[in-house]
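Encoded as C-alpha cells, the structure appears first; notes follow it.
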Amino acid sequence: MRWTHTLIPTLKEAPSDAEILSHQYLIRSGMVRKLTAGLYTFLPLGLRVLHKIEKIVREEMDRSGALETLMPALQPPEIWQKSGRYETARDVLFKAKDRSDKEWVLGPTHEEVITTLVAGELQSYRHFPKTFYQIQTKFRDEIRPRFGLMRAKEFIMKDAYSFDTTDEGAQVSYKSMYDAYARIFKRCGLTAFAVEADTGVMGGKFSHEYMVPAETGENEVVYQEESGYAANIEKAVTGSVKLDSDPALKDLEIEKFPTPGVKTIENLARGSHKIPATQQIKTLVYFLEDKPIILLLRGDDQLNEAKLTGVVGSAEFRPGEEAEIVELLGAHPGSLGAVGVSSEVKIYGDLAIEGTWGMVTGANEDGFHIKNVNVSRDLPSVEWVDLRTAKVGDPCPTSGKPLKIQRAIEVGHVFKLGTKYSEALGATFLDHDGKTKPAVMGCYGIGVTRTLQSVIEQSNDKFGVIWPMAIAPYQVCLTPLNVDPASEVMQLANKFYTELVSKGVEVIMDDRDERPGFKFKDSELVGFPIRLAIGEKSLANGVVELKMRAGGEVEKITPEMAVATVLERVHEML
RNA sequence: CGGAGCGUAGCUCAGCUUGGUAGAGCACCUGCUUUGGGAGCAGGACGUCGCAGGUUCAAAUCCUGUCGCUCCGACCA
C-alpha cells in the first residue's frame with residue numbers, strides 16, 4: 001500500500017475528548033474516528049488491525065473445536081422474556097420498533113438466540129458436546145461509554161457458547177475455552193492473565209476473567225504472585241483477618257456512652273474517644289426488594305456489593321435512605337447498631353467480626369454508642385458471611401502471604417452457566433437413559449475492539465504506538481526520503497516494495513513528498529514494527545537504514561541485504 | 001441517574017470577568033525557498049461562536065432553557 005493512496009489522518013495534537021493514552025493514540029494515529037459518544041468508525045488502518053485480531057481469534061476458536069456461526073443482531077423480545085432477562089437486563093437493552101410498532105431488541109449478547117437454536121437442533125446426547133462462536137457487533141445501552149473503544153455502545157465481541165450433557169463435560173469445554181483465550185491474548189502480544197471472577201446471581205465457581213494490567217483499567221485485581229492467587233476484587237476472598245479481642249473485655253456488660261457530634265467511624269477513632277476502627281462495628285442498612293436488611297462490617301472494612309449479591313441471591317438491593325433508616329432504627333446514620341434490633345430484620349455480619357468482643361457500635365439513639373459488645377452474646381441472630389472488600393496486605397487465602405492489588409482491563413470472560421438458559425428456552429436432549437435433560441452451558445466472551453485498544457494501552461512510548469508484529473496494520477514502513485520517481489532512492493524503494501510484497505510481507509510505502517523528520521514522526525506515531533529508510537546520504541555510503549519500532553539503534557545495512565534482513569525480522573517477530 | 005467540567009475554524013485553544021470590527025498556532029490552497037527528526041517567507045480559503053429564547057441601541061460575552069461532549073460513581077467484553 002502506498003501512503004498517498006490510503007487514508008491515515010494522523011494528528012499532532014491529542015483530541016481534547018480523549019483522556020487516556022491509548023484513546024489518544026487510537027485517534028492520533030488515524031485508526032478510528034468518533035461519530036458520537038461510544039460509536040466509532042474504523043478507518044483503513046484500524047480495520048486492518050481489527051481484522052488481524054479477528055483472524056487470530058478465529059484460528060484459536062477453530063483449533064479448540066468451536067464452530068463459527070453468525071446470529072442476528074436484531075432479536076425478538078420474546079426470547080428475552082422467556083429467559084427473564086427482558087427485565088433483569090433492561091438497562092443495557094437497546095430497543096427499536098418496526099413500522100407496525102412491534103418492538104425489537106438489539107442484541108447485547110446471544111445466549112437467548114443460540115439456546116433457541118440448540119433447542120431446535122440438538123435433541124440427542126449423541127449431538128453433544130458442541131461449542132459455537134461468532135464474531136459480531138454487540139449493542140449495549142451503556143450508562144456511560146468512555147475511553148474510546150474501551151466501553152462503547154456498539155462494539156465487536158467474540159462470543160462463544162458451549163453445550164454439554166453433563167457437568168463434567170461442561171468443565172472440559174470450559175477449560176478448552178480458557179486455554180484458547182490464553183493463546184489468543186499471547187498471540188496478540190498482550191500480557192493478560194486469568195483471575196477468578198464474580199459470578200453474581202448465577203452462582204457456581206467457574207468464572208474467570210482475562211485481565212490486562214493497566215492503571216487505566218476499570219477493574220481491580222487482588223493477587224499474590226508466589227501463591228498464584230488472583231481474583232477480581234468483587235470476588236476476592238482473603239485468609240482470616242480476625243483480630244484478637246482483649247480477654248479482659250469479654251465478660252463486661254454493654255454500656256451506653258455519649259458521643260455527641262460523632263457521625264463517622266473516623267470521628268470515633270480520632271476525636272476524644274480514640275476507639276480504633278478495627279474495634280468498631282459498621283452498621284449499614286440496605287433494602288432488598290423493599291425489605292430492610294442490616295449489614296455489619298468491621299469499622300475499617302468496606303462492603304463488597306458483589307459479595308452481597310451472592311449472599312442474598314439478588315442484585316435488587318440498594319442502600320437505605322436516611323428517612324427509612326430513622327424509621328427502622330430510630331436514629332440517624334452515625335449512631336446505628338444492630339444490638340437489640342427486632343429479630344424480624346435479617347442481619348448479615350462479616351466474618352471478620354464473628355466471635356469478637358469489646359466492640360463499639362451505635363446505640364440507635366442519636367449521639368450515643370455502646371461499648372463492650374460481645375458479638376456472640378449480644379448479636380445472636382446474625383448470619384455470618386463474607387461481605388468485606390479485600391485490602392492490600394490482607395492475607396492470601398491460599399498462602400497467607402500479603403495480597404496486592406493491581407488495576408486492570410477486562411478483555412475476556414469465561415463463564416460456566418449451568419442450565420439456566422437451557423431450561424428457560426427448552427434446550428433439552430434425550431439422554432442414554434431415555435430421560436429428558438437440559439443441556440449444561442458455558443458462555444465465553446472476548447471484547448475484540450477492547451482488546452485492540454488494550455494492546456495500545458500496553459504497548460506504547462512517548463512517540464506513539466508500538467504494534468506487535470502479529471497485529472500491526474502493516475509490518476514494514478518503507479520510507480524513501482526522496483519521492484521523485486526518477487531518483488535512485490525512489491527506484492530502490494520501488495524495488496524493495498515489489499520484492500517484499502512478493503514474499504508476502506505487508507508493506508506500506510510512505511511516498512508522501514514530505515520532509516524526513518515528518519515521515520519518521522508519523523511512522524513512529526502509527527507504530528509500524530519495522531521501518532526501512534532509504535535516503536541519498538546513507539545510500540552514498542552504500543547503506544539503507546533499518547529501525548525497529550520497539551527499540552534499538554538505527555542499523556545500517558547494504559541494499560543487497562535489506563530485503564532478506566527485513567524478511568528475517570518479520571518472521572522472528574511473528 | 002447523582003456529582004464536576006467543557007461547547008468559538010478540520011484540530012488544539014485564546015477572547016467572556018468589565019457587552020461594541022471573530023482571533024492565534026497547527027492542518028488546508030497558491031507561489032518561492034528549503035530538504036535526514038513534525039522547515040521558512042509571502043499570499044489565500046475556512047466561523048450561523050452547540051441550539052432556542054430573553055435582556056440591551058448592541059450579545060461569543062449577561063440571563064433562562066435545551067442539546068451535545070468529557071471526567072468521577074453504579075453496570076460490563
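Within every chain, numbering begins at 1; the chains are lettered A, B, ... in the order of the sequence lines, protein sequences first and strands thereafter. Values below: every heavy atom of this structure, side chains too, minus hydrogens, waters and symmetry copies.
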B/rA52 to B/rC67 separation - C1' atoms, rounded to the nearest Å
10 Å
Any donor-acceptor N or O pair under 3.5 Å, side chains A/Gln453, A/Ser22:
yes
Paired with B/rU48: which nucleotide, if any, by Watson-Crick or G-U wobble criteria at under 3.5 Å for both distances?
none
Can you check whether A/Thr36 has a side-chain N or O nearer than 4.0 Å to OP1 or OP2 of B/rC69?
yes
Please check the phosphate of B/rG73 (OP1 and OP2 only) for any side-chain N or O of A/Arg146 closer than 4.0 Å.
yes
Syn/anti label of B/rU56 as read from its glycosidic torsion, with the cut at 90° from 0:
anti
Once you apply the 3.5 Å cut-off to both distances, tell me the Watson-Crick or G-U wobble partner of B/rA42, or none.
B/rU30
Is there a side-chain polar atom (N or O) of A/Arg144 under 4.0 Å from OP1 or OP2 of B/rC72?
yes
Expressed as a whole number of Å, how far does the P atom of B/rG50 sit from that of B/rA22?
15 Å
Hey, what's the ring geometry for A/Tyr181 with A/Tyr210, parallel, tilted or perpendicular (30° and 60° as the breaks)?
tilted
Between B/rC11, B/rC1, B/rG37, which one does the side chain of A/Glu13 approach most closely?
B/rC11
For the P atoms, the ones on B/rA59 and on B/rC49, what distance do you get once it is rounded to whole angstrom?
11 Å
Side-chain N,O (A/Thr451) to OP1/OP2 (B/rA77) below 4.0 Å:
no
Determine the Euclidean distance between corresponding P atoms of B/rC11 and B/rU48; express it in Å to zero decimal places.
12 Å
Which residue in the set A/Ile53, A/Ile471, A/Ile156 passes side-chain contact (heavy atoms from CB on, under 4.5 Å) when paired with A/Leu452?
A/Ile53
Assign A/Asp17 to base, sugar-phosphate, or nothing according to its heavy-atom contacts below 4.0 angstrom with the strands shown.
sugar-phosphate
Look at A/Lys34 and B/rU70 and indicate whether a side-chain polar atom (N or O) is within less than 4.0 Å of OP1 or OP2.
yes
A/Lys153 NZ to B/rC76 P, in whole Å, measures 17 Å
Would you mind telling me which of B/rC75, B/rA39, B/rC71 lies closest to the side-chain atoms of A/Arg515?
B/rA39
Partner lookup for B/rG5, please. Criteria are Watson-Crick or G-U wobble with both distances under 3.5 angstrom; report none if nothing qualifies.
B/rC69
